[in-house]
Each structure stands twice: as C-alpha cells, then as structure tokens.
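To start, the structure itself, in structure tokens.
What you see is a predicted model; the values in this text were computed from it and never measured. Order of the sequence lines fixes the chain letters, A, B, ..., with proteins taken first and strands second; residue numbering starts at 1 for each chain.
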Amino acid sequence: MSTLQAVRGMHDILPEHMPYWSKLERALCDLFAAYGYSEMRLPIVEKTELFKRSIGEVTDIVEKEMYSFDDRNGESLTLRPEGTAGCVRAGIEHGLIQPQQAHKWWYSGAMFRHERPQKGRYRQFHQVGIEAFGLEGPDVDVELILLTRRLWQVLGLSAVVQLEINTLGSSESRHAYRALLVEYFNAHRDRLDEDSVRRLERNPLRILDSKNPDLKPVIEAAPRLYDSLDEASRTHFSQLQELLQAVGVSFTVNPHLVRGLDYYNRTVFEWKTDRLGAQAAVAAGGRYDGLVAQLGGKPVPAIGCALGMERVVALLQEIGAAPLAERVDVYMVMAGDAALRAGLGLAEQWRDDIPGLRMLVNTGGGSFKAQFRRADRSAARWAVILGDDEVREQVVTLKPLREQGEQLRVAWADASGTLKSLLGLTTSSMT
RNA sequence: GUGGCUGUAGCUCAAUAGGUAGAGCACAGGAUUGUGAUUCCUGGUGUCGUGGGUUCGAUUCCCAUCAGCCACCCCA
C-alpha cells in the first residue's frame, strides 16, 4: 500500500463536521454548569487490571475488545474502553470518594474498543461520562435522566429518542436470579441457539433479549427477574417510576434491558433511537453501588451514565439540525503589493481596536473576482476593499455583502470606529 | 469474530462483451484592464484501493489483501 490510511475504525473528524460537535459540546458544558457537575480529565491509558476487575473478566469488552499492550516494565496497560473505571480509580486514589459525601463529576474523551466498525460504531469513539457518588437515589437517578432529557430538548432531539428503564436488583438478588436462569436454560439447552448457549456462560440475562423469534417460548417460560427482586430494590424502582411520572418524563419499562458491564445493579436506563440503524443506544447508564468498594474504596453508592458523542452528532445530522455556524464579520480584499503591505497593518490595528472582531484577510492573491467569491463564500457580512486607489488616498472601501446598500469610503484613521458601529460589536458578543 | 455489498479525478458518479478512462460539482484564469449571482469560453490532475495471477495486452476476468457500508454479535 503506497498511501497511508487511518487505522481501521479510527475516523477523522473534519472541519466540516465540527459545527455539530461544537453544538453538542457547548450544550453539554452549559448543562453541567446548570446542574452542578464538575469536570475532570482522566488518563486514556490505565492498568489492564483495573478494567478486568471493574467491567468483569468474562464480558465481551474484556475478553476480546481491549487494546492492551505491555509497558516497558512488563506491566499490562490498556487504552480505556469506557470511562467509569478510571473515574472511580481516580476518586479513590485521591481520597475524594468518602461515605457521607456527594460528588457529581463529568468528563469526556476518546474510548477504544476493538469491534467491527459499523454505522455509529467505531474503534476509537468519544463518550461523555456523568457520575454521581455517595447518593443512594432514586432522586439522583432521576436527576441524571432529567439532565439527559434536557440535552435532547436543547438539541431538538426529543422526538427521536425514547427512554427505557429497568432494575437489576441488588448484587445479591441479581446473582441469585442469574443462577436461577442458568439452571433453567441449562435444562433447556437443546432449545437455545448458538449465540444463546454462548451467552449462558457470559451473560445469561442477555438471552432474554434475544432477537431470535424461535426462542420466544423458552424465554417466556423463564423465571422472572422481578420475582427474585429484593424488597429494597423493588421500593427503589417503584419510587424511581413515581418520581419520573411526577416530573413528566415518559418512559417504558423494559424487563430485558441488561447492561453489558458486570458492575451495574438496581437502576439501569437507556436512551434509544430508531434513526441510527442497529446502533440504537445513544446514552445509557445505571447504578453501580458495589464498584467503589470492589476497587478498594469504602462502600459508597454511585450512579453513572455515558453518552456516545458520534451517535448524537449523527442524530443531529440525521434530523437536519442547524449546525453551529461561526460568524464572520469582515473579509479583506486586496490588490497589489502596496495594498498588501497597508492591509496587513490595518488588519492588525483593527484586531487591537475591535475586540471580538472576526476578520478573514485574503491570502494567496487572486483576482478581485476570485477574492470576492471567497468573501462571499466565507459568509462575511462586509468586504473591506483595498486597491491602488484606496492606498493612494489612505482610505478603505466597505461593501455590504449580506444586504443591499451603498459602498462606503472611509479614511484609515476612522476605519476601526466605523467598522465597530457597522458591526454593532460589543466586547461580549462572542457568538 | 461471522456473513452480504462496495472501492474509478478533491467530491458525486459513468464507461470499456479485456485494447491504459469521461461527465457534473468544485478549483483556477478569462469574457467584465477593480466588485459576489447567472451565462459562456479555457485549463489541469487519475499509479481505475493495494499486491499477485491468467493474457500479446487487465480498470475490466481470477485470487489474496486493505478499507468503507449494512446486518449478526456487542455496545455509546
């Protein structure tokens, strides 16, 4: 192969896509500030052991999807496949996660999973993680859902996402149920398909969610999770539903909603869409009350949620959302060496005089026609014209590009004042 | 990891029952010796994804490989 290509599944996000990303990122930042969640930044690489102990040894992620390698000292390191483990590790390591204390954090960044690339699925992808520690819920469970629901509202995506919730019960009741299920499906092993036999070892709860219609009778006769649910989890779940109803959040209970990571318990939820092909989950999360202790911290309840940024961006494009357009105030058109010399200086002076000014100075020469074409395509509101005549008379010509109007000729000494009032710029206009 | 489809100019695509390729858009210059649309004229580029095989000759046929897409699986 003579030309270099990006590594499979690791995509470039080009300038033309950034307006959608910026729209999402700004909305998120505003929301986190509004709800009182603090940002943290975490390493992309962690010890492999961390993911094995948190996500679970027999999950797909740990068994076959991690980018792991040996460090120079022989220790196994891994490119993070998800964010919660590193967040919990950091919280414990710095003594932040303590009983009787609440913390609400968020972070974002690249995650890595060696899966087959597909629409909405990449080997390097970006997640926003939201975590809350030290709170039993279900009030904080609802807050997390409300925060994400508000994000959809802000982005105009409410109509294309639906909320599903479920409970997995306490770790104990979940494990008891799991054993019950394994026993049941083992007794009917001959009626399972190949995938489900494999799931029997790995994640038996997922058999319940099989897409194979042949399995429907076996699945319907299987023991139900709700029958094994402990009393406290039952109460937690019904309070959660009452609170959601009280604040007008619509949802469906999906008894088959199971998370792929081992550490979840009690509340799990998922925002799904039918606009992105098979990759339906846009954001998903749940409680992980046992994880902090499991990783060596004190027992502290926690809940978290992850949002797939590529998927949200894809949704924004899918529904034809308006990208966040960058404003351009002025495009400077120049003809000749004298104009270039004068123009570069004038432009710098205006940048000093007019805070917030967004000005493109023509580079690379070109005829007036070409320069005006560039000015037009830049979406600038005004063209500043500097040719031989203007340089001789020490003036600039200002031409409105977005609306009808006469050209103005302004002396260099007055130009920044005139521009400032024409543009109506104040120091705080940062659109 | 499994299966199906695809891969030609910067982008979207066409063509050649095997004889080394075109169009639109975009870009540059001009008609308009200093003014954005439209129109018209002019201009260039392709290792036809990569490697190998068959053939006098392969972009076309065969094999492999890489990548993309779609689904399974899994998940954000």
Looking at the side chain of A:Arg198, which of B:A76, B:C73, B:C70 is the nearest nucleotide?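 Looking only at heavy atoms from C-beta outward on A:Arg198, the closest nucleotide is B:C73.
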
Side chain of A:Gln279, heavy atoms from C-beta onward: which of B:G34, B:C73, B:G30 has the nearest atom to it?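 Taking heavy atoms from C-beta onward, the closest nucleotide is B:C73.
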
d([atom1], [X]; [atom2], [N]) in whole Å:
X        : N     : atom1 : atom2 : result
A:Glu63  : B:C73 : CD    : P     : 17 Å
A:Asp195 : B:A71 : CG    : P     : 17 Å
A:Arg121 : B:C73 : CZ    : C1'   : 7 Å

So with a 6.0 Å cut-off around CG of A:Asp70, is the heavy-atom count from everything else above 12?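 Yes.
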
Is the ring pair A:Tyr67/A:His114 parallel, tilted or perpendicular, if the boundaries are 30 and 60 degrees?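 Tilted, since the angle between the ring planes falls between 30° and 60°.
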
Taking only residues two or more places apart in sequence or in another chain, which ones pass side-chain hydrogen bond (donor to acceptor under 3.5 Å, both in side chains) with A:Gln241?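 Once residues adjacent in sequence are excluded, A:Gln241 has no partner under the side-chain hydrogen bond (donor to acceptor under 3.5 Å, both in side chains) criterion.
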
A:Phe32 ring centre to A:Lys104 NZ or CZ under 6.0 Å, with the angle to the axis within 45°?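 Relative to the ring axis of A:Phe32, which defines the angle, A:Lys104 lies outside at least one limit.
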
Hey, is A:Phe368 doing a stacking thing with B:U35, by the 5.5 Å centroid and 30° angle criteria?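 No, A:Phe368 does not stack on the base of B:U35, since the centre distance and plane angle fail the 5.5 Å and 30° test.
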
Can you find a donor-acceptor N/O pair under 3.5 angstrom joining the side chain of A:Lys399 to the base of B:U35?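 Check passes, donor-acceptor contact within cut-off.
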
How far, in whole Å, is B:G7 from B:G44 if one measures between their C1' atoms?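 To the nearest whole Å, 25 Å.
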
NA contact type, A:Pro400, heavy-atom cut-off 4.0 Å: base, sugar-phosphate, or nothing?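 It contacts base atoms.
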
